[in-house]
Asker: 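Structure provided below as structure tokens; questions to follow.
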Amino acid sequence: MHNAQRYSQAFIPTQKEVPTEAQIPSHQLLVRGGMVRQLAAGVFSYYPLGWRTAQKVMNIIREEMNAIGGMEFHLPALNPIEIWEATNRVEAMGDVMFHIKNRPGLVLAPTHEEIITHHATQHIQSYKDLPQIWYQIQTKFRNEARPRSGILRGRQFLMKDSYSMDTTWEGLDESYDKHAQAYRNIFTRCGLKFFVVGASSGAMGGSKSQEFMVESEFGEDTCAITDAPDGGYAYAANIEAATSLVEKVGRVESNPPIERFATPTAKTIDELVQQHQLIEHRCAKSVVYICDDKPILALMRGNDELNEAKLQSAVKAAQLRPATDDEILRIFGAHCGSLGPVNAPKDLLVIADTLLENANGLVSGANQDGVHFKNIDLQRDASIAFYADLRTVQAGEQAPDGSGPLRMVKAIEIGHIFKLGTKYSVALNANFLDKDGKQQPIIMGSYGIGVERIIACFVEQHHDEKGIQWSATIAPYHVQIVLLGANKSELIRATGEELFAQLSRTYHVLLDDRDTTAGVKFNDADLLGMPVQLVLGEKNLSVGNVEVKHRITGERSIVALTDLNALLQSLLGN
RNA sequence: CGGAGUGUAGCUCAGCCCGGCUAGAGCACUACGUUCGGGACGUAGGGGCCGGAGGUUCGAAUCCUCUCACUCCGACCA
């Protein structure tokens, strides 16, 4: 990478106006700083400054991947469709996969599990060939229905993905853990504040998976987190998995027999509570879902919200959806305001949230319009197939590890690690001979990082009203030298040249030698956001001093030229 | 893919309802001069198929139809 750049010869098209298509700060600043430019929806050109940062991020990734034994590949974006058909993913991807119109046998690769596995099939023969970690940092193509948020969600994007291949499940665990640590190193070196959550593996197949997340109001996932005293995160979980410490409803001492009562105008829990002076937590709400074509009644505490993902894993359903009003009427003979676990249809699966475990003294619908039961004892009066955690946690509840009240935040996924298992190796016959001469499928893992998301998330986390505040690790340049009145002062010109030459031996330096006013240069410097600005002006320089501005803290100090190197070292950590 | 909105100069926008001289402003750009430590000022300039196609009309940036693109909300999201 070129270490020394004169601004007067560079292509850095900055602009004052915020582009209308850019809606979020990172997108706005990257465009205003002349780093990226949108070409079409979800498609971006990287201009030289933006590309430098992208390359620095990719180099950090590369170093950390190499450190865990990764081998870098360069794989084709054009893929034969047959390979994707072998794993059924043409169908699974559906519209997300780009197909080539005038060459129907080819598709654009949305990821590379198939291609990697294909090459493994060709070359991996023996357990002696394993383990391997293969990775690539390349452009992927996904026909997103709605690209948005600048480079956060595009139709073509830079992604690092790696694939581990092991002979044993223990080996997979090791490869997975290596990646988990490498990812922490990568995001930390890039200067991101992030957290890790467990995740469902979704359509990828496989078992364990974790997502690396960055808190952002522009995120597409919701997570429950608690803050740690050190400024990091203590507890973190996707809302689909998050739990909290909430007291169970439990049992009350007096346990009279079940009793019907009329509730003609109570259709909701709130109305029920209000009209009949009940305790909300002792009302049991019935929610009906159709899970793989079978109806299921899920019993929730009061106004607790059911989480579909939790329900799905509790009943191990491939598909599920809320039952329609018609279906409910047909199944229960009552409308949805009056459903309950007592006298439920015979073959109906009834499950309940763990907060209701063995509770009594409950109120719930009687499966007859306008009628509820009170004094329900779930042990005595209902037949609950099993209890499971089904409820969505609420902000303010205590985290399960006791680390404080939960905050609900939006988050952006910047990395994802999976234990894939043998899905792809089996489908594509990627086998090896073990020590006993037996053929076994390779045990795989798959690990992705969104390169551009790192950049966008970094800018989201590190900017002010003037511009970006790069960390030294991924800044396009470390130092921006601002020459003031160089056309009038030989001293400034000469000193500038000298510093430029000298500093670029150690740092990446941008020399603002343009013939323009100080204000323009200062504002561009703040917008571009190099961590250190060196301001060379007549007054300071005439007594052997320069001004050093630390972009991140905004701190300025006047130092003697002779002390400059020491200060730069402390600011840039080099 | 459903709903909403926007397309006029490199960028941000006005003009459109209510059709009418050569289509405007600010920023940016060019030249000259004055400025020169926080987006300076003056003077003079260059730059437009008013997203595209069709229609209505004596006349369309403006009205109608179709189409394309982009943005937002939703659905979707390894």
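A, B, ... follow the sequence lines: proteins, then strands. Residue 1 opens every chain. These numbers were taken from a predicted model, which means no experiment stands behind them. Hydrogens, waters and symmetry mates are skipped; everything else that's a heavy atom, side chains included, is used.
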Asker: For B/C32, give the paired nucleotide (Watson-Crick: N1-N3 plus N6-O4 or O6-N4; G-U: N1-O2 and O6-N3; both under 3.5 Å), or none.
Answerer: B/G42
Asker: Answer with base, sugar-phosphate or nothing: what part of the nucleic acid does A/M159 contact at a heavy-atom distance below 4.0 Å?
Answerer: base
Asker: Show, in sequence, the C-alpha distance, side-chain angles and deciding distance for A/E215 and A/K410, and conclude whether the side-chain contact (heavy atoms from CB on, under 4.5 Å) test is met.
Answerer: CA-CA 6 Å; A/E215 184 179 340; A/K410 292 286 193 181; over 6 Å; no
Asker: Have a look at A/D95 and say if it touches a base, only the backbone sugar-phosphate, or nothing, with a 4.0 Å heavy-atom cut-off.
Answerer: nothing
Asker: Quick one: A/Y47 OH to B/C11 P, roughly how many Å, whole number?
Answerer: 10 Å
Asker: Does A/A145 reach a base, just sugar-phosphate, or nothing at all? Heavy atoms under 4.0 Å.
Answerer: base
Asker: Among A/R153, A/Q156, A/R155, whose side chain to side chain donor-acceptor pair (under 3.5 Å) with A/E144 holds?
Answerer: A/R153
Asker: Under a 3.5 Å cut-off for both contacts, is B/G5 paired Watson-Crick or G-U wobble with anything, and if yes, with which nucleotide?
Answerer: B/C70
Asker: If we call it a pair only when both distances are under 3.5 Å in a Watson-Crick or G-U wobble match, what pairs with B/G26?
Answerer: B/C11
Asker: Phosphate oxygens OP1/OP2 of B/C72: is one of them under 4.0 Å from a side-chain N or O of A/R146?
Answerer: yes
Asker: Need one value for A/Q38: base, sugar-phosphate or nothing, where a base atom within 4.0 Å counts as base even if backbone is also close, heavy atoms only.
Answerer: sugar-phosphate
Asker: A/I492 CD1 to B/G37 P: how many Å, rounded?
Answerer: 9 Å
Asker: Indicate, with a heavy-atom threshold strictly under 4.0 Å, whether A/Q23 touches base, sugar-phosphate, or nothing.
Answerer: sugar-phosphate
Asker: Calculate the interatomic distance between A/R155 atom CZ and B/U71 atom P; express it in whole Å.
Answerer: 9 Å
Asker: Select base, sugar-phosphate, or nothing to describe what A/V18 touches, counting heavy atoms under 4.0 Å on all strands.
Answerer: sugar-phosphate
Asker: In whole Å, what is the span from the CG atom of A/N523 to the P atom of B/G39?
Answerer: 7 Å
Asker: Measuring only the P atom in each nucleotide, how far is B/U56 from B/U62? A whole number of Å is fine.
Answerer: 15 Å
Asker: Salt bridge (Lys or Arg N to Asp or Glu O under 4.0 Å) for A/E72 and A/R62? Distances and angles first, verdict last.
Answerer: CA-CA 8 Å; A/E72 185 169 4; A/R62 206 166 264 133; 2.7 Å; yes
Asker: Between A/R514 (CZ) and B/C29 (C1'), how many Å, whole number?
Answerer: 14 Å
Asker: Has the side chain of A/E547 got a donor or acceptor that lies under 3.5 Å from a partner of the other kind on the base of B/G37?
Answerer: yes
Asker: Please determine which of A/Y183, A/Y447, A/Y135 meets the side chain to side chain donor-acceptor pair (under 3.5 Å) test together with A/K160.
Answerer: A/Y183
Asker: Starting at atom CD of A/E465, determine the distance to atom P of B/G39, rounded to an integer number of angstrom.
Answerer: 15 Å
Asker: Report yes if at least one side-chain N or O of A/T517 is closer than 4.0 Å to OP1 or OP2 of B/G38; otherwise report no.
Answerer: no
Asker: Rounded to whole Å, how long is the line connecting atom NZ of A/K539 with atom P of B/G37?
Answerer: 9 Å
